[in-house]
Amino acid sequence: MKKITENLITNESDYLNRRAFIKQTAKLGIGLLGAGAALPILAEKSDQSDLAGEILKTPYGKNLEPHSFKDISNYNNFYEFGTGKRDPAKNAHTLKTKPWHITVTGECEKQGDYDLEDFIKPHQLEERIYRFRCVEAWSMVIPWVGISLAGVLKSFKPNSNAKYVVFKTLVDKQQMPGQRGPILEWPYIEGLTINEAMNPLSFLAVGLYGKTLPNQNGAPIRLVVPWKYGFKNIKSIVSIHFQKEKPINTWQIQAPSEYGFYANVNPNVDHPRWTQKRERVIGKGGFFSPEKRKTEIFNGYKDEVAHLYSQLDLTKNF
Amino acid sequence: MKVVLFILLSLPFGFLTWDVFFDNLIDPIEEITNPTGQWALRFLLLTLLITPLSRITGYSLIKFRRMTGVFAFFYATLHLSIFLIDQQFNIEYILEDIMERPYITVGFSAFIFLFLLAITSNNFSIRKLKKRWKKLHKLVYLITVLVIVHFYWQVKSWMDIDPFIYTVIAIILLGYRLKPLIRKNKI
């Protein structure tokens, strides 16, 4: 690992090949001709701000090819901003991420209300390229920037009663229009066992492609646990709570037979309504031959996390 | 009039083709599956609306019913095709999904019935099948129920408003057919 400056951070344009460039150019030309047609407004990376602090490049995902900023920032499940995949990109501009506070409570020594900047500052920003596998059987590869969750949690000095860590998303009907309806129970809640949370893979992302997170991706700070289904990766976190009892997460409240507490990516345990054996790689392959890949146990992070579950029957504890 | 209707009913297809052609979609599978399914259902409900609307307005719209019905089938076919593409035309995957995923079983049965109605939506079939044609085309009520079940069975949140609205409309339209039956039975 070496310290690097911003211009060395994974650059999206590296991944745009010549063909894509030609296609874009053609699209622009024809787009201008057909000016009457409504092309959707897509998020631009240039809208995001720079992050404070140097970003350490890590070996995580160095062999993976990240998806484009366009794919990552326009195809989201974030029901706080609507249930459609394009809704968050369209609606999340109402979220105010500055100032932002995170309250730390429960079984730990250093409870308190932290300003986001103070929360992040003591920790090293890292770039990690992780696989992202949604429970809906699609996947992407995402170049996150953030901080190790274990380092953050340790700084709050959890005590021996801290068996679980519970995260909550902001509740604010003004900023999050999706919360005006009872689509889910608000706030969105997710939890990890303390051992899962302390695993070196567990990550708090504050950025994407070297810049701040777009709101629709869970700005200003979100959880990333790449061996679990996407819904565990709670967004726009305002509360971290240590507790002794196992929490009930939002999707478990919603449909306990379909979504469990662990939600580990597992091709051998199907969702009751669809298979988890395969996943569609978003935006890859042709129109008539979308790219699919075989889903890997723990999303390919078996070596890092399988030991956490050696005592568990993963069919029951899905 | 029929030409205007044809163009109107084709518009969603036109927009989707535009989006595919100009690469506006991030995940074409999901972004076509959902709209084509909903358009099929909308046109199915529109087809069911024609009789009551004709009676209420006193203006016969029956001549448009074949077109709205066949368009419902057209969008259902697109909807199914995208599913087949998503399964990479792999027979094993397709059969597994149809057999093991109840919402797909239900949706697929609805499609088979709709197919029967679509291929008999011509004057020749009406003449040939005589009284049986009317009986056969009563399947549209069953199809509507199956499609609603199929829709509800795949939603993520039961509180989602879209399937609820379609269900209410379907209940009204099916209820309209049941009313005379209920009355008859009371007498």
Side-chain angles (χ1 to χ4, degrees), chain A residues 20 23-24 26-28 30-31 34 37-40 42 67-68 70-77 79 83-86 89 134-138 140 178 181-185 231 250-251 254-255 258-259 270-275 277-278 280-292, chain B residues 11 14-38 78 81-90 92-107 149-165:
Chain A
K23 202 157 132 198
Q24 293 284 337
K27 200 202 298 186
L28 180 70
I30 298 164
L39 289 167
L42 298 170
H67 275 68
S68 68
K70 177 188 149 194
D71 285 352
I72 298 169
S73 62
N74 286 290
Y75 193 82
N76 311 98
N77 276 323
Y79 282 16
T83 53
K85 295 283 186 292
R86 298 292 191 107
C134 179
V135 74
E136 298 166 344
W138 54 265
M140 291 196 194
I183 297 284
L184 294 173
E185 258 182 53
F231 70 87
T250 296
W251 279 100
Q254 187 69 25
E258 303 190 345
Y259 311 98
D270 281 346
H271 183 281
R273 290 183 285 167
W274 56 83
T275 180
K277 291 188 192 75
R278 299 172 291 278
R280 188 165 68 253
V281 183
I282 295 296
K284 306 279 156 142
F287 178 76
F288 292 105
S289 54
E291 189 180 316
K292 291 252 182 172
Chain B
L11 278 181
F15 285 124
L16 281 171
T17 313
W18 173 277
D19 282 341
V20 170
F21 194 72
F22 291 107
D23 205 16
N24 287 339
L25 305 175
I26 287 172
D27 178 19
I29 297 293
E30 165 162 346
E31 291 172 88
I32 297 175
T33 302
N34 217 329
T36 49
Q38 289 206 34
L78 293 177
S81 310
I82 294 293
F83 164 74
L84 299 180
I85 290 173
D86 191 32
Q87 302 302 319
Q88 301 171 304
F89 301 102
N90 180 319
E92 191 193 325
Y93 297 168
I94 292 165
L95 288 181
E96 184 192 315
D97 262 2
I98 293 176
M99 308 300 283
E100 289 182 19
R101 324 265 160 232
Y103 79 95
I104 293 178
T105 319
V106 170
V149 171
H150 168 70
F151 195 2
Y152 246 118
W153 216 328
Q154 55 77 47
V155 293
K156 307 287 168 355
S157 164
W158 285 92
M159 303 308 283
D160 216 341
I161 195 81
D162 289 3
F164 179 73
I165 292 170

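So that the names make sense, note that chain A is the first sequence line, chain B the second, and so on, each numbered from 1.
- Put simply, the side chain of Lys292(A) never gets that close to the backbone of Gln87(B): no donor and acceptor are under 3.5 Å apart.
- Shortest non-hydrogen contact noted between Arg86(A) and Asn24(B) is NH2-O, 2.6 Å.
- Formation of a donor-acceptor pair under 3.5 Å by the Arg273(A) side chain with backbone atoms of Val155(B) is found in this model.
- For Lys284(A), no part sits under 4.5 Å from any heavy atom of chain B, backbone or side chain.
- Applying side-chain contact (heavy atoms from CB on, under 4.5 Å) to Phe287(A) and the options Leu25(B), Ile82(B), Ile29(B), Asp23(B) leaves one that passes, Ile82(B).
- With a 4.5 angstrom heavy-atom cutoff, Thr83(A) touches chain B only via side-chain atoms.
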Would you check, one step at a time, whether the test salt bridge (Lys or Arg N to Asp or Glu O under 4.0 Å) holds for Asp27(B) with Lys85(A)? CA-CA 9 Å; Asp27(B) 178 19; Lys85(A) 295 283 186 292; over 6 Å; no

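- For a residue to count as touching a neighbouring chain, one of its non-hydrogen atoms must lie under 4.5 Å from one of that chain's; by this rule Glu258(A) does not touch chain B.
- The shortest non-hydrogen separation linking Phe89(B) to Phe288(A) is CE1-O, 4.1 Å.
- A distance-only check finds no donor-acceptor pair linking the side chain of Ser157(B) to the backbone of Leu184(A) [under 3.5 Å].
- Ranked by heavy-atom pairs under 4.5 Å with chain B, the list Gly283(A), Pro272(A), Pro182(A), Gly181(A) is led by Pro182(A).
- In terms of heavy-atom pairs under 4.5 angstrom with chain A, the leader among Lys156(B), Arg101(B), Gln88(B), Glu100(B) is Arg101(B).
- The two residues Pro290(A) and Asp86(B) have their closest heavy-atom pair at CG-CA, 4.4 Å.
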